[in-house]
Every structure is written in structure tokens, then in C-alpha cells.
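All values below were derived from every heavy atom in this structure, side-chain atoms included, with hydrogens, water molecules and symmetry-related copies excluded. Predicted, not measured: the structure shown is a model, and the values here were computed from it.
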Amino acid sequence: MCGIIGIVGTTEVAASLYDGLTVLQHRGQDAAGIATVDGARLRLHKGNGLVRDVFNQTAMSGLRGRIGLGHCRYPTAGSEGSSEAQPFYVNSPYGIAFAHNGNLVNTETLRREVFEDDRRHVNTDSDSEVLLNVLAHELQIQDRMALTPDHIFKAVAGVHQRARGGYACLALVLGYGLLAFRDPHGIRPLVLGERVTAEGREYAVASESVALDILGFKRLRDVEPGEAVFITDDGQLYSRHCAEGAVHAPCIFEYVYLARPDSMIENVSVYKARLRMGQKLAEKILRERPDHGIDAVIPIPDTARTAASALAEALGVPFREGFVKNRYIGRTFIMPGQGERVKSVRRKLNPVELEFRKKNVLLVDDSIVRGTTSRQIIQMARDAGARNVFFASAAPPVRYPNVYGIDMPAASELVAAGHTEKEVEQMLGADWLIYQDLKDLVWAVQDGNESLKHFDTSCFSGEYVTGLDKHYLEQIEMLRSDDAKAARRSA
């Protein structure tokens with residue numbers, strides 16, 4: 001998962017892009033970058049680190065222009081070096097700066113095609129650079145002397161025919177405008193907004209609506225699956241569906257964990273979806289353990305807080321803040337290595353002993369992935385004096401890797417893979433473990449927009465909406481394991 005934002009404005013946009021990236025920072029903490037168009041020149045600055053660390057006053061002053069895009073990176077493919085910070089840039093045709101959120105599942109096939117057939121060179125291991133070069137080739141074969149929105153949409157249609165996976169993309173085409181497009185299944189989110197100023201009408205496209213909110217843009221709608229939106233240099237907006245027939249299946253994990261609660265995705269409030277997750281989980285607890293004996297419901301901050309509050313209310317049990325979070329530690333889930341994740345749990349959370357002492361506590365988390373964090377938190381609760389520690393997950397067991405832009409580990413590192421819920425309970429050291437049922441999770445999101453008939457639930461169900469090549473899961477097992485990542489970092 002990465003955060004992307006693009007703006008076609010009437011005045012300088014660098015400061016707005018910076019502000020937008022800061023509220024998308026939860027989507028990626030590895031690297032950040034901004035590109036703007038200044039007349040006939042592209043201005044670009046990017047580097048490793050948080051948004052606030054990558055951009056200083058000098059860097060910002062050089063990002064002149066009223067059209068631009070930004071990216072904060074979370075590495076799901078490729079390496080973790082600064083060479084893969086985005087936006088990427090190619091100078092032919094026209095000059096294109098590119099930002100991508102998602103992951104392709106046919107990267108190696110495309111990489112060969114780009115080199116052997118398109119005669120283009122890819123300089124990094126990133127699938128984003130591959131996708132940029134596919135787009136550049138599809139634009140190259142259009143009428144280069146008179147590029148129109150029609151040509152651009154034909155190029156995007158060519159990308160959809162060649163690329164498989166989850167992708168939401170922004171491209172600055174120098175001299176023409178800003179292009180935004182989304183994969184035919186709509187797996188990764190992309191939202192369109194506008195604002196009217198004294199100087200005229202402005203447009204923005206971002207991963208989440210919260211980035212539009214803080215900049216004063218009105219959310220118009222989601223960019224639809226397979227749709228491309230093109231906003232010209234002079235602020236004219238064009239759109240077209242460039243792929244037909246695919247099943248609309250947005251990633252359900254966006255609602256569980258990835259997105260901010262104040263975002264709207266697919267016309268569904270993430271906050272309300274999480275409330276419904278808590279309500280459904282409470283119903284399951286009351287069915288399976290009506291005499292539960294829970295004295296307090298305690299969320300694992302921050303993502304689980306909304307679901308936990310609704311769960312506590314439905315159970316009629318006090319909701320308590322039992323952990324204080326150090327807000328200067330990043331999201332543990334997206335730490336690059338297991339060693340960092342383990343160290344970060346203790347640095348990140350500190351228990352309030354009074355909320356645990358001699359109590360039966362129900363800890364609520366958004367999901368359980370590797371189980372390492374959950375195991376440590378359960379032990380922290382015991383050390384703080386809890387009599388019994390129950391654990392609830394607002395999501396079903398994560399048994400399969402996510403291949404569409406979330407760096408879930410190799411299947412061998414998923415605590416629930418190949419294990420029953422009772423076995424996971426014992427591995428975590430909980431007195432009782434309860435998971436959300438998949439049908440209830442789907443209902444919790446779908447209830448906000450009944451037109452949503454399908455979701456990408458692959459990390460729970462093992463069903464991949466794009467289909468996968470025979471050996472693909474074996475390949476990502478080798479790429480995503482912590483041992484493989486450690487070897488790349490030390491190379």
C-alpha cells in the first residue's frame with residue numbers, strides 16, 4: 001500500500017501536495033516524493049523517510065508549478081533503497097512522471113515484454129517502473145504530434161490489456177496534464193475531488209478522501225474500476241472506461257486496517273464499517289460465550305479502537321484505554337523486518353496497569369498477521385496483572401498472502417496459515433481467541449453501499465480475483481520472507 005495524490009490547480013500546488021501526503025503517511029513510511037510541472041520542465045524531489053524528513057524549505061521552494069503529484073512509499077515489490085522512491089520519470093514520450101499504489105502479478109512477463117518488444121530499459125526491481133514503461137510505450141504508439149484525450153484513453157486501454165494486478169496510478173504528461181487510472185477490478189482505491197477558488201476550478205485525485213478533505217476539495221466520486229480520468233493543463237476534465245467486463249472487487253483490507261477511519265472509500269465510511277465490524281463480533285461472542293465474564297474491552301491502538309468501542313457497547317462492558325501509544329513510532333505492520341517489528345512493540349505501547357489488574361480483559365485488534373505483535377501484547381497484559389486475557393480480531397484469520405499491494409509476509413510466516421483457531425490461540429498464549437467471520441466482515445462493509453457485490457478477500461479466502469500464474473505464490477514466498485529481505489538489505 002502506498003499513498004498517492006495529484007492536483008491540477010490554478011496556483012502553486014507543492015504545499016498542498018505536501019499537506020496531502022502527510023495525511024496519507026499511514027499508507028507508507030519508507031520514502032516520499034513530489035513532482036511538479038514548471039513550464040516545460042519537470043521539478044522532482046524524493047528520498048527515503050517520512051514526508052516531513054524528505055522535504056525541507058529548500059526542496060519545497062524548488063517544486064514550482066500548478067500541476068503536480070506526490071507519493072509516499074511502502075515497499076511491496078522491489079528493494080527498500082532510495083532508487084525506488086517515487087515518482088518515477090521517463091523522458092520519452094513527452095516526459096512522464098508516475099506514481100503507483102498497488103502490485104502487479106505479471107511483473108516478470110511485462111519486464112521481458114518491455115525490454116524485448118518495446119525496447120525500453122527498466123532500471124530498478126520495482127513493478128511501478130515496469131508499469132510506467134508500459135504506459136509510456138502505449139502513449140508512444142499513438143499520434144505523437146497531436147495527443148488528445150482519445151489517444152490517452154487508448155493508451156490506458158492498452159495498459160489494462162497487458163497489466164494484471166491491483167493498481168491505482170497517477171501520471172503527469174508534460175505539456176498535456178494529469179492522468180489518473182485504476183485497475184479493472186478496482187482493487188486499490190482512488191478518489192476524485194474538486195474545489196472552486198477565486199482563480200477558478202481545481203481538481204485533485206488521491207488514495208483516500210481524507211487528503212481531499214484537509215485541502216478543502218469536495219469529494220466528487222471514486223475513480224471507477226477500469227476508468228481513466230484526464231485533466232488537461234487548462235483544467236478540462238475528461239473520463240472514459242478503458243476496460244470492461246471485470247468483476248468490481250475492492251480490497252476489503254482497506255476497511256479493516258489500511259485506510260484512515262475518516263475516509264470514504266467506494267461511498268462507504270471506513271469509520272462506520274469498523275463500527276459494524278465490532279457489532280458483528282459482539283454478536284458472535286454472545287452466541288459462543290454468553291457468560292463471557294469480560295470485565296473490560298481494551299483496543300490495541302489505533303486502528304482497532306472504533307471496532308472495539310462498538311463491541312464493548314453491544315456487550316454492555318466498559319470500554320477502557322489500557323495501552324498508551326508512543327505516536328513517534330511507525331505502524332508496526334509495515335516495519336521492514338521482523339527484528340524491527342519485535343523491538344517496536346515494546347517501544348510503541350505501554351500498559352496502564354490499573355486497567356488490567358485482577359481483571360478478565362478482552363483485547364481487540366484489527367487483525368492478526370504474523371502473530372508476533374499479538375503474542376507480545378498478550379504477555380504485556382499478563383505482566384500488568386490481568387487475570388485472564390481474551391483476544392478478538394475484527395478480521396477473519398489471515399491464511400494467505402495479499403498480492404495486490406499489501407506486504408503481507410510469506411504464507412509460512414502467517415500465524416494462522418495451516419493452523420486451526422484453537423492452535424493459534426495456544427500459539428499466542430491467549431485464554432480465549434475469537435475471529436470475525438468472513439461473511440460478517442463482508443456485511444459490515446457492504447451495508448454501507450449495497451451496490452458492492454464482491455470484494456478482494458484473498459488474504460482470508462485464498463481466492464485471487466485476477467487469477468495467478470502457477471508459480472507466483474512460490475515466487476513471492478522467496479521475495480517476501482523476512483530472511484529474503486534481510487539478505488537484500490545486507491547485499
Side-chain angles (χ1 to χ4, degrees), residues 1 26-27 74 76 102-103 105 166 187-188 249-259 270 273-274 277-278 280-281 284 299-300 303-304 307-308 331-338 341-342 345 363-378 391-430 432-445 455-466 468 472-474 476-477 479-482 485:
M1 65 181 186
H26 61 286
R27 300 187 68 87
Y74 153 72
T76 54
N103 194 58
V105 298
I187 297 171
R188 300 264 67 87
C251 175
I252 205 163
F253 209 69
E254 289 279 351
Y255 299 91
V256 172
Y257 174 82
L258 301 183
V270 176
R274 289 177 183 166
M277 292 175 205
K280 280 295 183 181
L281 200 49
K284 183 175 181 180
I300 311 302
T303 319
R331 298 182 95 176
T332 311
F333 175 81
I334 62 178
M335 291 288 174
Q338 181 68 359
R341 286 187 293 270
V342 170
V345 175
L363 306 184
V364 182
D365 210 349
D366 51 79
S367 58
I368 305 169
V369 182
R370 293 172 177 85
T372 310
T373 300
S374 304
R375 190 180 304 117
Q376 289 187 76
I377 291 172
I378 289 168
F391 204 92
S393 168
V398 176
R399 303 189 189 279
Y400 308 91
N402 183 292
V403 301
Y404 300 125
I406 307 172
D407 192 25
M408 284 185 177
S412 60
E413 295 172 354
L414 296 169
V415 68
H419 294 106
T420 66
E421 294 181 20
K422 194 67 179 176
E423 288 171 336
V424 176
E425 176 184 285
Q426 294 169 353
M427 293 163 70
L428 297 184
W432 181 49
L433 172 67
I434 186 163
Y435 280 103
Q436 184 87 265
D437 291 335
L438 181 56
K439 64 179 178 58
D440 287 339
L441 175 61
V442 169
W443 175 87
V445 180
F455 294 93
D456 168 48
T457 62
S458 53
C459 59
F460 308 122
S461 65
E463 298 173 2
Y464 296 94
V465 67
T466 63
L468 297 179
Y472 182 77
L473 291 178
E474 296 173 9
I476 65 169
E477 176 98 16
L479 285 171
R480 289 187 177 181
S481 72
D482 281 330
K485 289 180 181 179

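- Two residues are said to be in side-chain contact when any heavy atoms from C-beta on lie closer than 4.5 Å; Y257 and M1 meet this criterion.
- The shortest heavy-atom contact between A395 and Y435 is O-CD2, 3.4 Å.
- When all heavy atoms are compared, the tightest approach of I406 to R188 is CD1-NH2, 4.2 Å.
- Note on ring orientation: taking the six-membered ring where Trp is involved, the planes of F455 and Y255 are perpendicular (angle over 60°, cut-offs 30° and 60°).
- Using a cut-off of 4.0 Å between Lys/Arg side-chain N and Asp/Glu carboxylate O, K284 and D437 are scored as salt-bridged.
- When all heavy atoms are compared, the tightest approach of R274 to L258 is NH2-N, 4.2 Å.
- Between the side chain of Q436 and the backbone N or O of M277 there is at least one donor-acceptor pair closer than 3.5 Å.
- Counting only distance, with no hydrogens or angles, the side chain of Y404 and the backbone of T466 share a donor-acceptor pair below 3.5 Å.
- Considering CD1 of I252 and CD1 of I187, their distance stands at 13.0 Å, rounded to 0.5 Å.
- Residues Y400 and G462 approach most closely at CD1-N, 3.3 Å, considering heavy atoms.
- The line from CG of L433 to CD of Q426 is 10.5 Å long, rounded to the nearest 0.5 Å.
- Nearest heavy-atom pair, L428 versus G371, reported as atom, atom and distance to 0.1 Å: CD2-O, 3.5 Å.
- P397 is not listed as a side-chain neighbour of I368, based on a closest heavy-atom distance of 4.5 Å or more.
- Legend: residues meeting salt bridge (Lys or Arg N to Asp or Glu O under 4.0 Å) with K439, ordered by chain and number and at least two apart, are absent.
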